[in-house]
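Structure first, commentary second.
This structure is a prediction, so every number in the text was calculated from the model and none was measured.
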2 protein chains.
Amino acid sequence: MKKKITIRDLAKEAGVSVTTVSQILNNKGDRFSTATQERVLALRDKYKYVPDFNARNLILKSAKTIGVLVPNIANPFFGTFVEGVQSIAREAEFIPLVFSANRDPKLEKYYLSQMIERSISGLVIASATMTTETIKEVISFNEIPYILFDQNHTQEGDRVQTNDYLGGQIAAKHLVELGHKHIAVLTSDNPTENLNHRMNGFKNIIKENNLSLAPINDVIRAPLTKDGGYKAAKDVLATGASAVFAANDEMAIGLLRGLHELDVKVPEDISVIGYDNIYWDDYVYPRLTTVQQPIFDLGAGATKMLIEQISHSSAEARVQNFPVKLIKRDSTSSYRPK
Amino acid sequence: MKKKITIRDLAKEAGVSVTTVSQILNNKGDRFSTATQERVLALRDKYKYVPDFNARNLILKSAKTIGVLVPNIANPFFGTFVEGVQSIAREAEFIPLVFSANRDPKLEKYYLSQMIERSISGLVIASATMTTETIKEVISFNEIPYILFDQNHTQEGDRVQTNDYLGGQIAAKHLVELGHKHIAVLTSDNPTENLNHRMNGFKNIIKENNLSLAPINDVIRAPLTKDGGYKAAKDVLATGASAVFAANDEMAIGLLRGLHELDVKVPEDISVIGYDNIYWDDYVYPRLTTVQQPIFDLGAGATKMLIEQISHSSAEARVQNFPVKLIKRDSTSSYRPK
DNA sequence: ATGAAAGCGCTAACAT
DNA sequence: ATGTTAGCGCTTTCAT
């Protein structure tokens, strides 16, 4: 690396003190003559001078960096979430440090410590495996502001969230309105709280309508992935249901593939509804009906809250709710008796 | 933020000098008595002391950070690439700073300057819009090591790459072997060099076999996105070709949707082959035949090279090649005359 | 209108 | 075996 040009170099060449240069470059140079100001600015451009980040932050004690912890960055749900984060971070001139921990608690802790070492200003946590203990132990201990998403709602702290209970209800209502009487559910084998809410909302509508949903036979559990959904197709079919609610779109899309291979037609033989509204839903066959979560907005909203908290550090915990809504596509249709 | 505990606090409580603490904590403390070492280490644990990143790097002049510039992090191709980067970075205890610039040159420049300000140790650039000038002007000027991927091959510098020409040939051979005589091409309306290579390899085989591919009628150009492919379906169909090679999987998947809506059956009416092998290929209908690029490995390989370059700064430019190969799925089949 | 000097928290060369 | 001292590059208080 070439010898970096420092503020002292500029000062010397401009024939002024470092104070002068520093003040002018930080827009605090009103008190200096226009001539001096221009001279310094010109020199900055000439040498493309950029203040040393480490030196600067050592004094300012802020790295203008926010950490973002997601389970899997290759998953478009979180990819979009991160784009939301980035958009707001950029406006506020914060830099996001994004980590994908693959639901591995060890990795999560490692990245967490790395972030703390780098004196991040705050943290957006979109990871279900992050336990309350870890947060208490590592994050609260260091008094780092954080915002949660996709978490177990029992936890404390500021958060962005959607109404999962309502989302589940929306999905159920849609299927009920289509005339389905026997409905199956495909959910995680290791559900987080919000997933449980989602399912409870769903079941609530089912029960209200006196429809069939035997917890043992009609609730299939599998990993929350495309492959999980794919492999669960047989079990879903075995329930004999005419419609199925998958806990997220990834699973639903896997399920679509699995059903297809079993020569089951969607939605003719069975209706499928997912959850999330990832942008792939329009490109699978049939196009997936789903309940939309405003993913980008969630990332943006979380970041906005975080940055506010970093600046003002308001005391009371805040919760921001985002709407969910039905996106009707082609994977659901009216019940037709066989 | 609570008062941060510094090395001086530790030194005072341990009754030693800061040097002692510093040396011991940096594994350079052999010369101190075991008793002292243990006392210091214990204190570090007791207070969960972490050296201040900024102060440390101000001296060491290395932030152990690598910048990663991708066009779109919500795109699974780059998501997987980034995971490859992360896996290697972690081993070497580097932290990746990932930026998604959405092919916006202004954004790219902004992020670039941010990274330089933060004294990143090196850069992985997987962005086609990054021009040679920008690299020269900003990156080389600051003498930051970098590795390119998905770039215009005409540029200099270390790089990871796949043989796009060969990849194009593989795609063409596959279609030719299936008996297709009239083949169309769906490529970018703003192609990068590697895309041109890909297409040239493809055309080379077409020509060798004396098949039809009229540059004007049979080469459709559209944005390199799902929507681009989707909207190009009509044009592709108009060529009358019995098979089509899409420049990447995103486009191919969009095309699949577009063709479906035009009631065209794939592969019965027209065969479709894509390029990349993103993990969604298995979940669209029909499953997409494609040419695989080892995406994760490319990210990992680029990072490995970069870290080597950061450590040893070897002089000569290196190029590392990764293999491509055909992944046969369901979207291509033998030619059947209408 | 400008500058001298102190110091952020840390590392390392150079004593002792 | 341990400590003294001099910075790293920057911002800021307080003089002048």
Requested in this report: Taking only the side-chain nitrogens and oxygens of Asn54(B), find out if one of them lies under 4.0 Å from OP1 or OP2 of dG9(C).
Outcome: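 The answer is no; no side-chain N or O of Asn54(B) sits under 4.0 Å from OP1 or OP2.
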Requested in this report: Look at the side-chain N and O atoms of Lys28(B) and state whether any lies under 4.0 Å from the OP1 or OP2 oxygen of dA12(C).
Outcome: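 Answer yes for this pair, as a side-chain N or O of Lys28(B) is under 4.0 Å from OP1 or OP2.
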Is [X] touching bases, backbone alone, or none of the nucleic acid, heavy atoms closer than 4.0 Å?
X	answer
Asn57(B)	nothing
Phe53(A)	nothing
Arg31(B)	base
Ser22(A)	base

Counting distance only, does the side-chain N/O of [X] pair as donor-acceptor with the main-chain N or O of [Y] below 3.5 Å?
X	Y	value
Asn75(A)	Phe77(A)	yes
Gln161(A)	Val319(A)	no
Lys64(A)	Ala92(A)	yes
Asp45(A)	Ala42(A)	no
Gln86(B)	Pro96(B)	no
Glu83(A)	Phe296(A)	no

Rounded interatomic separation in angstrom, taking [atom1] from [X] and [atom2] from [N]:
X	N	atom1	atom2	result
Asp52(B)	dT11(C)	CG	C1'	13 Å
Ile5(B)	dC10(C)	CD1	P	9 Å
Gln23(A)	dA1(C)	CD	P	14 Å
Ile59(A)	dG9(C)	CD1	C1'	11 Å
Ile7(A)	dG3(C)	CD1	C1'	13 Å
Asn26(B)	dA13(C)	CG	P	12 Å
Lys61(A)	dC10(C)	NZ	C1'	11 Å

Query raised in the report: Does the base of dA4(C) carry an N or O that pairs as donor and acceptor with the side chain of Thr19(A) under 3.5 Å?
Result: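 Donor-acceptor pair under 3.5 Å: yes.
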Query raised in the report: What nucleotide among dT11(C), dA5(C), dT2(C) has an atom nearest to a side-chain atom of Leu60(B)?
Result: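 Per side-chain heavy atoms of Leu60(B), the pick is dT11(C).
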Query raised in the report: Which nucleotide in the set dG3(C), dC8(C), dC10(C) lies at the smallest distance from any side-chain heavy atom of Ala55(B)?
Result: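 Ranking dG3(C), dC8(C), dC10(C) by closest atom to the Ala55(B) side chain puts dC10(C) first.
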Query raised in the report: Will you find, in the side chains of Arg118(B) and Asn57(B), an N or O donor that is under 3.5 Å from an N or O acceptor?
Result: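 Judged by distance alone, the side chains do not pair up.
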Query raised in the report: Mapping Tyr49(A) and Ser17(B) to their closest nucleotides on DNA chain D, which lands nearer the 5' end?
Result: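 Looking at DNA chain D, the more 5' nearest nucleotide goes with Ser17(B).
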Query raised in the report: Taking for each residue the nucleotide of DNA chain D with the nearest heavy atom, is it Asp30(B) or Val21(A) whose nucleotide lies nearer the 5' end?
Result: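 Here Asp30(B) is the residue nearer the 5' end.
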Query raised in the report: How would you give the extent of chain B contacts on DNA chain D, as first and last nucleotide 5' to 3' within a 4.0 Å heavy-atom cut-off?
Result: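 The footprint of chain B covers dA1(D) to dG9(D).
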Query - Gap separating the CD atom of Gln114(B) from the CZ atom of Phe53(A), nearest 0.5 angstrom - result: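 Gln114(B) CD to Phe53(A) CZ: 8.0 Å, rounded to 0.5 Å.
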